[in-house]
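What you see is a predicted model, and the numbers here were worked out from it, not measured in a lab.
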Amino acid sequence: MSVHKSVFNISDWSKRQHCYDIGKKPIEIYVFIDPLCPECWGLEPIIRKLQIEYGQLFSLRHVVSGKLASLNIGKNKSFEQIAQAWEKTASRSGMSCDGDVWLEDPITSPHIVSIAIKAAELQGRKLAIHFLRKLQEYIFIKKKNISNIDVLTECAKSVGLDVDEFMHDITSSSASKGFQCDLKITTEMDVQETPSLVFFNQNIEEEGIKLSGVYPYEVYVQILDDMLKGLPEPSAPPSLEQFMSCFTLVATKEIEAVYNMNKSTVEREMKKLVLKQVVKKIPAKYGTFWKYTKKQSTE
């Protein structure tokens with residue numbers, strides 16, 4: 001597989017951007033996403049594995065590229081065509097996304113979904129990432145219309161957001177300005193598709209690397225290796241039970257990636273946790289998900 005990556009100098013760009021603020025870790029990765037993009041959903045196993053093995057080396061900044069395909073829904077493609085494209089992506093990526101949502105309860109206001117993510121971010125970047133993940137679960141697995149305000153509120157509540165504050169912020173200028181900032185970054189970096197990842201070194205005089213699309217895990221590791229002039233040994237993953245308690249709902253595909261297991265091995269190991277009443281199996285249109293069900297100790 002050939003890798004198409006762009007290399008550019010970010011020094012002048014970063015000095016102009018009030019949005020740009022690299023963290024204390026040596027690498028910052030900007031992840032350009034569209035909440036309605038099945039390819040972005042398909043990137044989740046790779047992001048999970050990167051965070052576990054090399055998370056001490058980089059921080060993630062999600063950028064909502066809402067000006068892309070999702071904002072043109074219904075203009076250039078029929079809902080039937082979108083549903084078919086989702087089905088093809090799901091069968092290829094192993095991350096189930098049920099295209100029937102476009103036939104049963106289609107998303108007609110994708111703009112509000114992007115604004116909602118920025119409203120969640122006003123309560124903290126980590127909460128916003130959990131909120132984004134919950135939105136993806138609701139639309140791709142549960143076939144919920146995530147542009148519906150009741151569904152957005154349910155997602156906000158489930159990840160621990162202050163719902164009253166969230167509802168206020170979703171109509172505020174702050175969330176709107178946050179979204180405009182993301183659109184500006186998308187334009188400045190000439191991001192044309194989602195997902196795209198842009199890797200920045202702490203030294204802004206060095207070149208950044210942009211990678212558009214989804215590639216094998218090894219490609220992302222190689223970029224980190226090149227930028228840092230070598231990598232430490234990857235961190236070992238936690239036990240499966242710890243992994244499930246942390247992420248709550250995960251796909252078989254994600255477990256395959258993180259633990260280097262094949263599908264049958266994942267099924268066997270997860271059945272052990274089912275018998276222990278730690279998880280339950282959640283069938284999906286494509287593949288399987290597992291939900292953490294063990295009650296937390298109150299002692």
Less than 3.5 Å apart, which donor and acceptor atoms pair up between the side chains of residues 158-166 and the rest of the protein, not counting sequence neighbours?
from: S158; atom 1: OG; to: E154; atom 2: O; distance (Å): 3.4
from: S158; atom 1: OG; to: C155; atom 2: O; distance (Å): 2.8
from: D162; atom 1: OD1; to: D164; atom 2: N; distance (Å): 3.2
from: D162; atom 1: OD1; to: E165; atom 2: N; distance (Å): 2.9

Side-chain touch I149/M167, heavy atoms, less than 4.5 angstrom: yes
Non-hydrogen side-chain atoms of V101 and F140 separated by less than 4.5 Å: no
Side-chain (E87) to main-chain (G99) donor-acceptor, under 3.5 angstrom: yes
Spacing of CG belonging to L273 relative to OG belonging to S239, to within rounding of 0.5 Å: 8.5 Å
Sequence-distant partners of K134, salt bridge (Lys or Arg N to Asp or Glu O under 4.0 Å), two or more places apart: E137
Residue pair M189 / V63, side-chain heavy-atom distance below 4.5 Å: no
Which residues share a ring pair (Phe, Tyr, Trp, His ring centres under 6.0 Å) with F32, sequence neighbours left out: none
Atom pair CD/CG of Q222 and L224 - distance to nearest 0.5 Å: 9.5 Å
Path from I52 to I129 over hydrophobic side-chain contacts below 4.5 Å: no
All pairs passing salt bridge (charged side-chain N to carboxylate O under 4.0 Å, His left out) where residues 265-282 contributes a residue, at least two apart: E241-K276, E267-K281, E269-K272
Which atom of M95 lies closest to which atom of K253, heavy atoms considered: SD-CB, 4.1 Å
Check: W86 and I139 side chains under 4.5 Å, non-hydrogen atoms: yes
Residues I185, V191; criterion side chain to side chain contact (heavy atoms under 4.5 Å, CB included); working and verdict: CA-CA 9 Å; I185 294 173; V191 171; over 6 Å; no
Residues forming a ring pair (Phe, Tyr, Trp, His ring centres under 6.0 Å) with Y286, sequence neighbours excluded: none
Rounded distance (nearest 0.5 Å) linking atom CZ of F247 with atom NE2 of H130: 8.5 Å
Smallest separation among heavy atoms of F289 and A251, with atom names: CE2-CB, 3.4 Å
V221 and L50, any side-chain heavy atoms less than 4.5 Å apart: yes
For Q242 against S245, the heavy-atom pair lying closest together: O-OG, 2.8 Å
Pairing residues for Y54 by the side-chain hydrogen bond (donor to acceptor under 3.5 Å, both in side chains) criterion, not counting sequence neighbours: none
Min side-chain heavy-atom separation T252-M261 under 4.5 Å: no
Audit row: L249, I141, side chain to side chain contact (heavy atoms under 4.5 Å, CB included) steps and yes/no: CA-CA 11 Å; L249 181 69; I141 306 171; 4.2 Å; yes
Residue list, ring pair (Phe, Tyr, Trp, His ring centres under 6.0 Å) with Y259, at least two apart or on another chain: F243
Closest heavy-atom pair and its distance - S212, E193: CB-OE2, 3.6 Å
Partner set under side-chain contact (heavy atoms from CB on, under 4.5 Å) for E233, not counting sequence neighbours: none
Partner set under side-chain hydrogen bond (donor to acceptor under 3.5 Å, both in side chains) for K144, not counting sequence neighbours: none
Taking every non-hydrogen atom, the tightest pair across L231 and L228: CD2-CD1, 3.9 Å
Results of side-chain hydrogen bond (donor to acceptor under 3.5 Å, both in side chains) for S147 - residues two or more places apart only: N145
D98 side chain to K143 backbone, donor-acceptor under 3.5 Å: no
Connected via hydrophobic side-chain network under 4.5 Å: I27 and V219: yes
Stepwise side chain to side chain contact (heavy atoms under 4.5 Å, CB included) test for V113 and V64: CA-CA 10 Å; V113 182; V64 182; over 6 Å; no
Backbone of Y215 reached by a side-chain donor or acceptor of Y220 within 3.5 Å: yes
Validation row: K118, K177 side chains within 4.5 angstrom (heavy atoms): no
With E256 via side-chain hydrogen bond (donor to acceptor under 3.5 Å, both in side chains) - residues at least two apart: none
Expected output: side-chain K210 to main-chain D190 donor-acceptor under 3.5 Å: yes
Donor-acceptor contact below 3.5 Å, side chain S172 vs main chain D169: yes
Check: V278 main-chain N/O paired with T293 side-chain donor or acceptor under 3.5 Å: yes
Got a list of side-chain donor-acceptor pairs under 3.5 Å for residues 37-49, not counting sequence neighbours?
from: E39; atom 1: OE2; to: T89; atom 2: OG1; distance (Å): 3.2
from: W41; atom 1: NE1; to: S96; atom 2: O; distance (Å): 2.9
from: E44; atom 1: OE1; to: R133; atom 2: NH1; distance (Å): 2.9
from: R48; atom 1: NE; to: E254; atom 2: OE2; distance (Å): 3.4
from: K49; atom 1: NZ; to: E53; atom 2: OE2; distance (Å): 3.3
from: K49; atom 1: NZ; to: A257; atom 2: O; distance (Å): 2.9
from: K49; atom 1: NZ; to: N260; atom 2: OD1; distance (Å): 3.3

Check against side chain to side chain contact (heavy atoms under 4.5 Å, CB included), F179 and I117: CA-CA 9 Å; F179 182 39; I117 294 170; over 6 Å; no
Separation of D105 CG from I107 CD1 (nearest 0.5 Å): 7.0 Å
Min side-chain heavy-atom separation K25-L57 under 4.5 Å: no
Spacing of CD1 belonging to I82 relative to CG belonging to L36, to within rounding of 0.5 Å: 9.0 Å
Heavy-atom closest contact (L135 atom, I146 atom, distance): O-CG2, 3.7 Å
N/O donor-acceptor pair under 3.5 Å between N201 side chain and M227 backbone: yes
Point-to-point distance, once rounded to the nearest 0.5 Å, from OG of S78 to CH2 of W102: 11.0 Å
